[in-house]
Amino acid sequence: MNTSFTPVSYDYREIIEEAIDQRKSGRIFFFNNDVQLDSADGQIISLTEHKNSGWFIHLEPEHQIRIDRIITIFGKPGPAYDEYDAYANACLDCKGGYDL
């Protein structure tokens with residue numbers, strides 16, 4: 001990963017654990033290893049901690065996502081939503097360009 005793990009509020013872990021218990025499936029948007037927007041569809045089957053790497057969800061079919069990189073999980077904002085929102089609005093912060 002290009003970024004180190006950022007601690008995640010327990011609220012997000014509860015959302016994930018509830019999705020596991022309810023066997024929910026759907027689409028998850030996240031930042032991939034190249035810090036690019038990505039998505040995966042499936043059912044969350046587990047949440048595990050990888051030593052020195054952070055917490056990961058495991059989807060069926062096979063896919064692994066670090067939870068601090070999740071933008072939305074089944075339509076709900078995830079830990080990286082604010083980062084995505086700032087990224088999406090970056091052009092609004094541009095300096096220079098045209099004089100009005």
Side-chain angles (χ1 to χ4, degrees):
M1 286 246 157
N2 293 339
T3 58
S4 60
F5 181 76
T6 303
V8 172
S9 168
Y10 190 74
D11 295 344
Y12 293 114
R13 288 183 45 201
E14 285 181 341
I15 290 169
I16 292 166
E17 289 168 354
E18 181 179 297
I20 293 168
D21 290 343
Q22 295 177 357
R23 306 183 109 188
K24 281 188 174 182
S25 62
R27 179 165 289 162
I28 298 172
F29 288 93
F30 61 97
F31 288 112
N32 64 22
N33 292 348
D34 298 323
V35 194
Q36 299 294 318
L37 181 64
D38 205 343
S39 67
D41 295 310
Q43 179 182 350
I44 302 173
I45 56 173
S46 66
L47 171 66
T48 58
E49 184 177 18
H50 296 197
K51 199 167 201 136
N52 301 323
S53 298
W55 288 87
F56 289 80
I57 58 172
H58 303 272
L59 299 175
E60 191 173 272
E62 289 186 39
H63 206 85
Q64 177 176 287
I65 303 169
R66 202 173 78 189
I67 67 170
D68 66 325
R69 306 311 295 150
I70 295 173
I71 298 166
T72 61
I73 181 166
F74 308 144
K76 295 180 181 179
Y81 184 82
D82 289 339
E83 180 182 345
Y84 169 74
D85 194 40
Y87 178 76
N89 292 325
C91 65
L92 300 176
D93 294 333
C94 295
K95 305 291 184 222
Y98 301 106
D99 290 328
L100 300 176

- line: Smallest heavy-atom separation, Lys24 atom then Gln43 atom, equals O-CG, 3.3 Å
- prompt: His63: what forms a side chain to side chain donor-acceptor pair (under 3.5 Å) with it, not counting sequence neighbours?
  reply: none
Asp11: partners by side-chain contact (heavy atoms from CB on, under 4.5 Å), with sequence neighbours left out: Ser9, Glu14
statement: Between the CG atom in Asp38 and the CZ atom in Arg69, the distance rounded to the nearest 0.5 Å is 12.0 Å
- prompt: For the atom pair CD (Gln64) and OG (Ser46), what is the distance rounded to the nearest 0.5 Å?
  reply: 8.5 Å
- prompt: Got a sec, which residues hit ring-ring contact (aromatic ring centres under 6.0 Å, His included) with His58, two or more places apart in sequence or on another chain?
  reply: His50
statement: Students should find that the hydrophobic cluster of Ile16, defined by side-chain heavy atoms under 4.5 Å apart, otherwise consists of Phe5, Val8, Tyr12, Ile15, Ile20, Ile28, Phe30, Ile44, Leu47, Trp55, Ile57, Leu59, Ile65, Ile67, Ile70, Ile73, Phe74
- line: Note: Gly42 and Pro61 closest approach over all heavy atoms is CA-CD, 4.4 Å
- request: For Glu62, enumerate each residue passing the side-chain contact (heavy atoms from CB on, under 4.5 Å) test, keeping only those at least two apart in sequence or located in another chain.
  value: none
message: Can you tell me how far apart CD (Glu60) and CZ (Arg23) are? Round to the nearest 0.5 Å.
response: 8.5 Å
message: Applying salt bridge (charged side-chain N to carboxylate O under 4.0 Å, His left out), can you list everything that pairs with Asp41, at least two apart in sequence or on another chain?
response: Arg27
